[in-house]
Chemist: 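Got a structure for you, written out below as structure tokens; questions coming shortly.
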Amino acid sequence: NHNICLVFWSFCLQGYYVHSNNPYKDYTNAFEQGLQKCRDGDLNSAVLLLEASILQDPQDSEAWQVLGTTQAENENEQAAIVCLQRCLVLHPNNLKSLMALAVSLTNTGQQPEACEALHRWIRYNPRYRHLLQDRSPLDGSPLPRRRGSSISPISTLGCSQLVEVLELYQEAMQQNAEGVDPDLQTGLGVLFNLSSEFDKAVDAFNAALSVRPEDYLLWNRLGATLANGDRSEEAVEAYTRALELQPGFIRSRYNLGISCINLGAHREAVRNFLTALHQQRKSRSHQVMSSNIWAALRIALSLMNQPELFQAASVGDLDLLMRAFNMDM
Ligand SMILES: *[C@@H]1O[C@H](CO)[C@@H](O)[C@H](O)[C@H]1NC(C)=O
């Protein structure tokens, strides 16, 4: 493990480790370049540049926020959570960080914490915080339990605030006369997903996308929700849109492959997994996902009844497999 904790003690205690020899550590505009690499889909370089920018100014809450969302995009949810929390220590009402944190916490199965972050997003949001005035006794206190709330989704998920927070988001949506707030809709989608109301989550993500049609992360989230709700064909459309916007988006390509398997399109599934593995090898991004993709690839090949290709996948022979599927890249 080459990650040596170099920065200040407090960061190590927060659990964030930076690479010991960061090639960009003296760059003067590391932050801007990091943003650019992010837009280009080169997440590994983006992470290094953003870490360099934080080495230069550890109090830069925006750099922590962007590093957090980039880590999440690069499938390092734990690192993402640490960065976003670090941002929130420096800037407690950073709404982007709160929303991103809620998504990362959901992805890592920390539902109560995700609910708490979404609650804070309302509480710190100048547009909606008045909704809490007759509810929450003290800022920062545990969320009140309202009498008469239905408790079924709560107990199944272990998220005692889910119904409470869902009601808040729906109230906020109703008072939004001036139009769709894409962040509010994203939060609503995450909450409906947590309560397993997938069709409502789909509607919320679609509403957010009507305002942010270029948001490939959101298209991927819509796809995953459609797939969860057994709507694989629509999921394929959503993932395809995400990949048109960001062809190097490994997670979405992987998800697309899984939906192809569910639809019985095994050959398409294999081609997507091979593309993902090839892109991953080129960019060295999304390493965390590698074993998932290989495993999914083996499943698709076994469904195609191709023992010799399955064998190639077992030994990780990507080049042979790509030739077998006429993919020269
Ligand atoms: C939906 O919730 C599950 C956990 O219950 C999580 O793994 C998944 O990432 C969530 N999906 C979205 C789109 O938020």
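All ligand and atom numbering here is 1-based and tracks the order in the structure. If you read the sequence from its start, that first residue is 1, and numbering goes on from there. These figures come from a predicted structure and were not determined experimentally.
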Chemist: Do ligand 1 and Asn107 have nitrogen or oxygen atoms that lie under 3.5 Å from each other?
Modeler: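 Min N/O separation from ligand 1 is below 3.5 Å for Asn107.
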
Chemist: Does the distance from a Lys or Arg side-chain N to an Asp or Glu carboxylate O, for Asp199 and Arg231, drop under 4.0 Å?
Modeler: yes

Chemist: Less than 4.0 angstrom from a charged side-chain N to a carboxylate O is my criterion; do Asp183 and Arg212 meet it?
Modeler: yes

Chemist: Is it true that a side-chain atom of Asn22 and a backbone atom of Leu48 form a donor plus acceptor pair closer than 3.5 Å?
Modeler: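 Yes; at least one donor-acceptor contact below 3.5 Å.
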
Chemist: Using a 4.0 Å cutoff against the non-hydrogen atoms of Thr225, which atoms of ligand 1 qualify?
Modeler: 13 (C)

Chemist: Roughly how far, to the nearest 0.5 Å, is the CD atom of Glu113 from the CD1 atom of Ile81?
Modeler: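 Here the interatomic distance stands at 9.0 Å.
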
Chemist: Considering only heavy atoms, does Thr106 approach ligand 1 within less than 4.0 Å through its side chain, its backbone, both, or neither?
Modeler: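 Near ligand 1, Thr106 shows its backbone as well as its side chain.
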
Chemist: For ligand 1, which atoms have a heavy atom of Arg221 less than 4.0 angstrom away?
Modeler: 13 (C)

